[in-house]
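First the structure, in the form of structure tokens, and then the observations on it.
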Amino acid sequence: MITPATSPPNTIEQLTLRAQALAGLTLGELAQNANIRIPSNFKRDKGWTGQLLELYLGANAGSNPEQDFPELGVELKTLPIDSSGMPLETTYVCFAHLLNVSGITWESSNVRNKLNCVLWIPVEGNRELKPAERRIATPVLWQPTAQQLATLKQDWEELMDMIVLGEVENITAKHGQALQIRPKAADGKALTDAIGKDGEKVKTRPRGFYLRKQFTHQILLQAFYDEV
DNA sequence: GACTGATCATGC
DNA sequence: GCATGATCAGTC
């Protein structure tokens, strides 16, 4: 019987083995073995799948702005897919800092750090399927290719330029080929500090970095062809 | 049907 | 409010 991990994985191989052992199982089976209640939908439990898998893989739960497995340099992400393997949602990467960003470079950015090595765990996410019925697919351990890295860097620099120049309010989810910035908050009333048009401090809605579906789809396809 | 902007739970 | 985990749902 599959049970939650009792300790963090020591190696990437061990982590991969744990993830592969979950492939084909349903979220209901995992939750049942861990004595976790299963929501009937994700309206009020949007991060439930991710937290369930963290438990099974031995990730250190918490809200630190670090990778899930700091010792291994690996980030864990679940990815909802449809029956043909197409991602259903964009993927949240991290919070976007809007102030004191002039010293940050792509190489030292949180986005670059998070995406250095990601263990993607695709999960059936069709809304017609109840959470308990959704099956886990084959995990993908990914490191960005030079080309993907270049695309991400370009998007990141474009977006950060706008932030530095006080154009935060002009940023929409349409910017960026692979990386986009969207509101990220509890509700529309949340405010944080940002740089204004004349360099002054202004209040704006908090933002986060997200990966487009097309980009994550490419990652899954790439893994598929590597196997074949 | 896809996409963008909005929203939910939790811990500190 | 920030940061983690993300999905919802109205609009295009």
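Naming convention: chains lettered A, B, ... in sequence-line order (proteins, then strands); numbering from 1 in each chain.
Note on A:R212: only backbone sugar-phosphate atoms sit closer than 4.0 angstrom, heavy atoms only; bases stay farther off. Nucleic acid contact for A:D187: sugar-phosphate only, since backbone atoms but no base atoms lie under 4.0 Å from a heavy atom of the residue. Within 4.0 Å of A:G47, counting heavy atoms only, lies at least one base atom of the nucleic acid. Within 4.0 Å (heavy atoms only), A:K114 reaches sugar-phosphate atoms of the nucleic acid but no base atom. Among the atoms of the strands shown, only primed sugar atoms or phosphate atoms (P, OP1, OP2) are found under 4.0 Å from some heavy atom of A:H97. Using a 4.0 Å heavy-atom criterion, one finds that A:T172 contacts the sugar-phosphate atoms exclusively. A:E75 comes within contact range of the sugar-phosphate backbone alone, with a heavy-atom separation under 4.0 Å but no base atom that close. At a threshold of 4.0 angstrom between heavy atoms, the contacts of A:D68 are confined to the sugar-phosphate backbone, with no base atom among them. Note on A:Y92: a base of the nucleic acid sits closer than 4.0 angstrom, heavy atoms only. The residue A:N64 sits close only to the backbone: its heavy atoms come under 4.0 Å of sugar-phosphate atoms, none of a base. Across all strands shown, A:T78 has heavy atoms under 4.0 Å from sugar-phosphate atoms exclusively, and none from any base. Among the protein residues, A:K184 comes within range of the nucleic acid bases, having at least one heavy atom under 4.0 Å from a base atom.
Atom CZ in A:F209 sits about 15 Å away from atom P in B:dG5, given to the nearest Å. Rounded to a whole Å, the CD atom of A:E54 is 15 Å from the P atom of B:dT10. Here B:dG5 presents its P atom at 12 Å from CD of A:E169, a figure rounded to the nearest Å. For the pair A:E66 CD and B:dC12 P, the computed distance is 16 Å after rounding to whole Å. Between the CG atom of A:L191 and the P atom of B:dT7 there is a distance of 13 Å, rounded to whole Å. The nearest whole Å value for the distance from the CD1 atom in A:I181 to the P atom in B:dT4 is 13 Å. Going from atom CZ of A:R207 over to atom P of B:dT4 covers 14 Å, rounded to whole Å. For the pair A:R182 CZ and B:dT7 P, the interatomic distance rounds to 13 Å; values are reported in whole Å.
Side-chain atoms of A:E169 and A:T204 include a donor-acceptor pair closer than 3.5 Å. Of the N and O atoms on the side chains of A:E75 and A:W142, not one donor lies less than 3.5 Å from an acceptor on the other residue. Between the side chains of A:T172 and A:R182, no donor N or O sits under 3.5 Å from an acceptor N or O.
Distances shorter than 4.0 Å separate none of the side-chain N or O atoms of A:Q51 from OP1 or OP2 on B:dA9.
The pair A:E107-A:K153 meets the salt-bridge criterion, with a side-chain N (NZ, NE, NH1 or NH2) lying under 4.0 Å from an Asp/Glu carboxylate O. The pair A:D45-A:R37 meets the salt-bridge criterion, with a side-chain N (NZ, NE, NH1 or NH2) lying under 4.0 Å from an Asp/Glu carboxylate O.
A cation-pi arrangement is found for A:K184 relative to A:Y92, the charged atom lying closer than 6.0 Å to the ring centre and inside a 45° cone about the ring normal.
Interatomic distance, A:K114 NZ to A:C94 SG, rounded to the nearest 0.5 Å: 6.5 Å.
A donor-acceptor contact under 3.5 angstrom links the side-chain atoms of A:K46 to the base of B:dT7.
Axis angle across the helix from B:dG1-C:dC12 to B:dC12-C:dG1, with five pairs used at each end and values rounded to 10°: 30°.
Comparing A:T90 and A:A185 against DNA chain B, the residue whose closest nucleotide sits nearer the 5' end is A:T90. Of the two residues near DNA chain C, A:C94 and A:E89, the one whose nearest nucleotide lies more 5' is A:C94. Along DNA chain C, the nucleotide nearest to A:P80 and the one nearest to A:N110 differ in position, and the one closer to the 5' end is contacted by A:N110.
Note on ring orientation: taking the six-membered ring where Trp is involved, the planes of A:F42 and A:W48 are tilted (angle from 30° to 60°).
Screening A:Q147, A:K213, A:Q148 against A:Q218 for a side-chain hydrogen bond (donor to acceptor under 3.5 Å, both in side chains) leaves a single residue, A:Q148.
Residue A:L57 comes nearest to A:F69 through the heavy atom pair O-CE2, 3.7 Å, listed as atom of the first residue, atom of the second, then distance.
For A:Q222, the CD atom counts as densely surrounded, since its 6.0 Å shell holds more than 12 non-hydrogen atoms of other residues, nucleotides or ligands.
Put simply, chain A comes within 4.0 Å of DNA chain C, heavy atom to any atom, from C:dG1 to C:dA9, going 5' to 3'.
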